[in-house]
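Every value quoted in this text rests on a predicted model; they were computed, and no experiment measured them.
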Amino acid sequence: GAVVSQHPSRVICKSGTSVKIECRSLDFQATTMFWYRQFPKQSLMLMATSNEGSKATYEQGVEKDKFLINHASLTLSTLTVTSAHPEDSSFYICSAERGGTFVTEAFFGQGTRLTVV
Amino acid sequence: AQSVTQPDIHITVSEGASLELRCNYSYGATPYLFWYVQSPGQGLQLLLKYFSGDTLVQGIKGFEAEFKRSQSSFNLRKPSVHWSDAAEYFCAVEATGGYNKLIFGAGTRLAVHP
């Protein structure tokens with residue numbers, strides 16, 4: 001099956017610093033990746049759609065200057081939380097879209113728990 | 001706008017009992033519907049999906065779901081629950097403008113008693 005890997009799985013950072021989260025499709029090429037955010041005991045909220053070689057498309061209410069997304073290759077998308085604050089603490093999950101003969105399917109990474117202190 | 005409602009926040013069943021998790025959606029056209037399972041601190045695993053055709057969909061781990069257009073529902077079922085099924089379950093619908101851009105329900109946390 002298709003594997004999507006996120007790194008790191010957990011990160012603690014100081015308020016005001018930046019944190020980069022990587023999302024890699026290990027055995028397939030993903031022209032499109034998605035970044036979600038999940039608050040404790042809540043559902044996943046789509047933050048942005050990341051397209052290889054172009055700018056990400058952000059959902060309404062998501063600050064693009066705070067959550068920088070780069071999709072530099074067909075197997076890697078990165079989410080950088082800039083000038084992190086405690087309210088940015090959350091579980092971030094990416095998914096990568098794999099194309100198929102008839103239909104595509106998205107595969108999720110294992111998530112990254114960010115804690116800002 | 002599309003939306004997904006999972007009315008049950010938390011469900012507890014005994015091991016071996018049957019299970020049904022409810023999901024209702026709001027979508028103008030024929031939706032693409034998904035059920036995912038999430039273990040604590042983990043990502044999501046796809047259980048099953050509905051695109052078209054047979055309204056009863058079989059998934060992994062013995063789960064199935066039935067699409068009922070008249071009720072705007074896509075309930076997840078399993079005839080006999082195992083202790084390892086304890087997890088969070090999310091129903092999702094494809095969002096307009098992106099095939100795998102998903103809108104998730106709030107989730108249902110399943111606890112299984114031995």
Side-chain angles (χ1 to χ4, degrees), chain A residues 1-11 21 23-26 28 30-51 56-60 62 90-100 102-115, chain B residues 1-11 21-26 30-53 57 59-61 87-111:
Chain A
V3 179
V4 175
S5 176
Q6 264 184 258
H7 179 79
S9 57
R10 290 178 177 271
V11 59
I21 302 170
C23 179
R24 292 181 184 273
S25 55
L26 297 185
F28 66 99
T31 54
T32 304
M33 292 186 176
F34 302 90
W35 286 95
Y36 295 84
R37 181 174 181 177
Q38 184 180 29
F39 290 101
K41 300 186 186 300
Q42 295 188 33
S43 188
L44 287 80
M45 300 297 294
L46 180 65
M47 298 175 65
T49 303
S50 169
N51 296 295
T57 303
Y58 290 82
E59 295 300 303
Q60 191 172 7
V62 178
S90 191
F91 194 58
Y92 294 87
I93 305 178
C94 71
S95 72
E97 185 178 276
R98 182 183 71 173
F102 299 105
V103 70
T104 64
E105 182 175 344
F107 296 88
F108 284 80
Q110 70 270 39
T112 297
R113 182 161 302 285
L114 169 63
T115 303
Chain B
Q2 304 98 318
S3 66
V4 178
T5 302
Q6 292 180 248
D8 305 306
I9 296 173
H10 191 273
I11 285 182
L21 303 182
R22 295 183 292 166
C23 173
N24 294 96
Y25 66 89
S26 172
T30 300
Y32 289 171
L33 295 160
F34 306 80
W35 274 101
Y36 286 89
V37 61
Q38 183 183 34
S39 297
Q42 300 297 312
L44 277 73
Q45 182 181 24
L46 178 67
L47 288 175
L48 47 78
K49 58 192 176 189
Y50 171 79
F51 293 151
S52 64
V57 181
I60 63 171
K61 302 185 179 185
E88 186 92 21
Y89 291 80
F90 292 98
C91 181
V93 64
E94 175 218 22
T96 299
Y99 179 83
N100 276 298
K101 182 177 169 181
L102 301 176
I103 295 174
F104 286 86
T108 298
R109 181 166 297 278
L110 174 66

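Most heavy-atom pairs under 4.5 Å with chain B: of the set Ile93(A), Thr112(A), Thr57(A), Leu46(A), this distinction falls to Leu46(A).
Side chains of Tyr89(B) and Leu47(B) form a contact here, defined as non-hydrogen atoms less than 4.5 Å apart. Annotation: side chain of Gln45(B) is not in contact with side chain of Ser39(B) (no heavy-atom distance under 4.5 Å).
Of the possible polar contacts, one joining the Gln6(A) side chain to the Cys94(A) backbone as a donor-acceptor pair under 3.5 Å is found.
At a 4.5 Å heavy-atom cutoff, the contact between Leu46(B) and chain A is made by side-chain atoms alone. Contact annotation for Gln38(B): only side-chain heavy atoms (C-beta onward) come within less than 4.5 Å of a heavy atom of chain A.
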Practice item. For Ser95(A) and Val4(A), run side-chain contact (heavy atoms from CB on, under 4.5 Å): C-alpha distance rounded to whole Å, both residues' side-chain angles, the deciding distance at 0.1 Å, then the answer. Key: CA-CA 7 Å; Ser95(A) 72; Val4(A) 175; over 6 Å; no

